[in-house]
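A short worksheet on the structure shown next.
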Amino acid sequence: MFEKSSENTVEWQISEKPVDYPTAIATMESRVQAIHAGQARELVWLLEHPPLYTAGTSARPADLLTPDRFPVYQTGRGGQYTYHGPGQRVAYVMLNLQRRGADIRRYICMLEKWLIRSIAHFGVEGGTRDGRVGIWVDRGHGREDKIAAIGVRVRRWVTFHGVALNVDPDLTHFDGIVPCGIREHGVTSLWDLGHTPTMAEVDMALKAEFEEVFGPTPAMTGRLCDQPVR
């Protein structure tokens, strides 16, 4: 059961071990329902997944280049194909937008700002691009690579899914898809760019900048081990 709370603060939880995708979806579904019913606080859940591909609502079958490489999951978030795996910090964000202006476009802009400010902690300048979802870095000589993906879903004004920041994943795992349907650009990570923070340091940056963008939150809860957040 979720702890009922009247606090207008966002809870943070971290899973230490990779969480399989079906478990993550079931957990988010349950938490979103509880938030909508006023039975749980809003939540930011930080985790990693085992290697897998997900297909958003706009995914094109031709963009799945090696369908037998990793498990492939159809998902209700917006967007196309993306990869999740170790070394990538996934942040599932469950917020009640009715308390935050009920503006989905503004919410996505805030997610973008959050990521841009977070990677700036490590000397990386990221930005958005017209017609391209996510956060991008300029590699010079006309090359731009994607460092973070954004894919959200909203039900009854409660958000779920969220963002995925490439800290130090195996970038060759992206070769099995056309990431987000964009063929002319690549992907990168903090470590690929020469910046080597630990995942804990990335988490601290994410929390600090979340508070700057979305407002104060309490301290992170104890780290989760084998079990997913409930």
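- A side-chain contact (heavy atoms from CB on, under 4.5 Å) with Leu111 holds for exactly one of Ile116, Ile135, Val152; it is Val152.
- When all heavy atoms of Val93 and Thr159 are compared, the pair lying nearest together is O-OG1, 2.8 Å.
- The minimum heavy-atom distance linking Pro197 with Val202 is given by the pair CG-CG2, 3.8 Å.
- Salt-bridge annotation for Lys17 and Glu48: absent, with no side-chain N of the basic residue lying under 4.0 Å from a carboxylate O of the acidic one.
- Distance CD/Glu29 to CD1/Ile25: 7.0 Å, rounded to 0.5 Å.
- A donor-acceptor contact closer than 3.5 angstrom links the side chains of Asn166 and Gln88.
- Between Arg100 and Glu42, some side-chain heavy-atom pair lies under the 4.5 Å cut-off.
- Checked against a 6.0 Å centroid threshold, the rings of Trp136 and His185 count as neighbours.
- In this structure, the side chains of Leu64 and Val72 come closer than 4.5 Å at one or more pairs of heavy atoms.
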side-chain contact (heavy atoms from CB on, under 4.5 Å), that's the test. Do Gln80 and Asp63 meet it? Break it down for me.
CA-CA 9 Å; Gln80 301 186 43; Asp63 289 343; 3.5 Å; yes
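- Atom CD in Gln98 sits 12.5 Å away from atom CD1 in Ile35 (nearest 0.5 Å).
- A distance of 5.0 Å separates CG of Leu193 from CD1 of Ile147, quoted to the nearest 0.5 Å.
- Among pairs with a residue in residues 93-128, those fulfilling ring-ring contact (aromatic ring centres under 6.0 Å, His included) read Trp114-Phe210, at least two apart in sequence or across chains.
- Once rounded to the nearest 0.5 Å, the distance linking CZ of Arg156 with CG of Leu97 reads 15.0 Å.
- Contact annotation: the side chain of Leu65 never approaches that of Ile177 to less than 4.5 Å [non-hydrogen atoms, C-beta and beyond].
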Using the rule given for side-chain contact (heavy atoms from CB on, under 4.5 Å), can you reason through Val163 versus Val90, listing the C-alpha separation, both sets of side-chain angles and the distance that settles it, and then say yes or no?
CA-CA 6 Å; Val163 304; Val90 173; over 6 Å; no
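- The line from CZ of Arg89 to CG of Leu190 is 12.0 Å long, rounded to the nearest 0.5 Å.
- Asp175 and Thr172 share no side-chain donor-acceptor pair at under 3.5 Å.
- In terms of heavy atoms, Ala59 sits closest to Ala55 at CB-CB, 3.7 Å.
- Across all non-hydrogen atoms, the minimal contact from Ala149 to Lys146 is CA-CE, 3.9 Å.
- Rounding to the nearest 0.5 angstrom, the gap separating the CG atom in Leu47 from the OG1 atom in Thr23 is 11.0 Å.
- A heavy-atom distance below 4.5 Å is not found between the side chains of Arg31 and Phe160.
- Tyr73 places a side-chain heavy atom less than 4.5 Å from the side chain of Leu52.
- Residues Pro169 and Pro86 form no side-chain contact, since every pair of their non-hydrogen atoms from C-beta on lies 4.5 Å or further apart.
- Residues in residues 109-123 take part in these salt bridge (charged side-chain N to carboxylate O under 4.0 Å, His left out) pairs, two or more places apart or across chains: Arg117-Glu209, Arg117-Glu212.
- Across all non-hydrogen atoms, the minimal contact from Ala205 to Ser118 is O-OG, 3.7 Å.
- With salt bridges taken as basic N to acidic carboxylate O contacts below 4.0 Å, none links Asp130 and Arg132.
- With contacts defined as side-chain heavy-atom distances shorter than 4.5 Å, the pair Arg77/Thr82 qualifies.
- In summary, Glu144 and Arg139 do not engage in a salt bridge, as defined by a charged side-chain N under 4.0 Å from a carboxylate O.
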Set out, in order, the CA-CA distance, both residues' side-chain angles and the distance that settles side-chain contact (heavy atoms from CB on, under 4.5 Å) for Val158 and Val154, then state yes or no.
CA-CA 5 Å; Val158 180; Val154 179; 6.0 Å; no
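- The minimum heavy-atom distance between Asp192 and Ser189, with the atom names listed, is N-OG, 3.0 Å.
- Counting only N and O atoms by type, the side chains of Ser15 and Trp45 include a donor and acceptor under 3.5 Å apart.
- Between Tyr92 and His49, the ring-plane angle classifies as tilted under the 30° and 60° cut-offs.
- Ring geometry, Phe70 versus Tyr83: the interplanar angle falls from 30° to 60°, so the pair is classed tilted.
- Side chains of Arg153 and Thr75: a donor-acceptor N/O pair is absent below 3.5 angstrom, by distance only.
- Counting non-hydrogen atoms of neighbouring residues, nucleotides and ligands closer than 6.0 angstrom, the CZ atom of Arg106 reaches no more than 12 such neighbours.
- With contacts defined as side-chain heavy-atom distances shorter than 4.5 Å, the pair Leu95/Leu43 does not qualify.
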Please determine whether side-chain contact (heavy atoms from CB on, under 4.5 Å) holds for the pair Asn96 and His36, giving the CA-CA distance in whole Å, both sets of side-chain angles, and the decisive distance to 0.1 Å.
CA-CA 7 Å; Asn96 186 348; His36 175 73; over 6 Å; no
